[in-house]
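Each residue takes its place number in the sequence, starting with 1.
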Amino acid sequence: QVQLVESGGGLVQAGGSLRLSCAASGRTFSWNAMGWFRQAPGKEREFVAAISWSGGSTFYGDSVKGRFTISRDNAKNTVYLQMSSLKPEDTAVYYCAGGRSSRATMATYGYDYWGQGTQVTVSS
């Protein structure tokens with residue numbers, strides 16, 4: 001059974017930082033792109049960041065560019081999201097996703113596997 005388990009969420013003040021982790025089990029994602037999405041109450045799921053299988057290509061949503069960094073450790077089957085300069089509007093449930101191919105994509109249909117999500121709350 002394939003599982004993606006996010007961790008690292010929590011409550012942080014505006015301007016602070018958090019590092020999210022997503023550990024995969026049940027299969028290797030070393031050859032697959034990985035992504036992070038988020039969903040705030042009453043809003044649609046939003047693309048945050050994606051990384052190719054090798055880590056050589058990364059993409060970010062406009063709202064997080066320059067503040068968030070996605071990375072991966074294929075030996076650990078884990079992907080990370082370093083979040084800095086957090087804003088109250090970053091408050092959401094953050095989801096990790098396992099891609100269908102090796103190429104990073106911003107589209108939700110490009111991902112076959114999803115974690116259960118981790119809550120990030122940024123206070124003003």
> With ILVMFWY side chains joined below 4.5 Å, transitively, what does W53's cluster contain besides itself?
Replying inline: W31
What's the spacing between [X] [atom1] and [Y] [atom2] if we round to 0.5 Å?
{"X": "D112", "Y": "R100", "atom1": "CG", "atom2": "CZ", "answer": "4.5 Å"}
{"X": "Q3", "Y": "C22", "atom1": "CD", "atom2": "SG", "answer": "11.0 Å"}
{"X": "Q119", "Y": "L11", "atom1": "CD", "atom2": "CG", "answer": "9.5 Å"}
{"X": "L81", "Y": "T118", "atom1": "CG", "atom2": "OG1", "answer": "11.0 Å"}
{"X": "T69", "Y": "M83", "atom1": "OG1", "atom2": "CE", "answer": "11.0 Å"}
{"X": "I51", "Y": "S57", "atom1": "CD1", "atom2": "OG", "answer": "9.0 Å"}

>> Please enumerate all residues that pass side chain to side chain donor-acceptor pair (under 3.5 Å) together with R19, with sequence neighbours excluded.
In response: none
Report the residues that fulfil ring-ring contact (aromatic ring centres under 6.0 Å, His included) with [X], sequence neighbours left out, ordered by chain and then residue number.
{"X": "F68", "answer": "none"}
{"X": "F59", "answer": "none"}
{"X": "Y94", "answer": "none"}

Indicate, with yes or no, if [Y] and [X] share a hydrophobic cluster defined by side-chain heavy-atom contacts under 4.5 Å among Ile, Leu, Val, Met, Phe, Trp and Tyr.
{"X": "V64", "Y": "V12", "answer": "yes"}
{"X": "V120", "Y": "V48", "answer": "yes"}
{"X": "V79", "Y": "V2", "answer": "yes"}
{"X": "Y111", "Y": "I70", "answer": "no"}
{"X": "M106", "Y": "F37", "answer": "yes"}

> Is there side-chain contact between D90 and R38, with heavy atoms separated by less than 4.5 Å?
Replying inline: yes
> How about L4 and F29: do any of their side-chain heavy atoms sit closer than 4.5 Å?
Replying inline: yes
Looking only at heavy atoms, what is the nearest atom pair of [X] and [Y], with distance?
{"X": "Y95", "Y": "G115", "answer": "CD2-O, 3.6 Å"}
{"X": "G55", "Y": "R72", "answer": "N-CD, 4.2 Å"}
{"X": "L86", "Y": "R67", "answer": "CA-NH1, 3.9 Å"}
{"X": "A50", "Y": "T105", "answer": "CB-O, 3.6 Å"}
{"X": "S124", "Y": "P88", "answer": "CB-CG, 3.9 Å"}
{"X": "R27", "Y": "N32", "answer": "NH2-OD1, 2.6 Å"}

Taking [X] for its side chain and [Y] for its backbone only, find out whether a donor-acceptor pair lies under 3.5 Å.
{"X": "E6", "Y": "C96", "result": "yes"}
{"X": "D73", "Y": "T78", "result": "no"}
{"X": "N77", "Y": "A23", "result": "no"}

>> Which residues pass the side chain to side chain contact (heavy atoms under 4.5 Å, CB included) test with K65, not counting sequence neighbours?
In response: Y60, D62
>> Given S63, which partner from the list E46, K87, E89 fulfils the side chain to side chain donor-acceptor pair (under 3.5 Å) test?
In response: E46
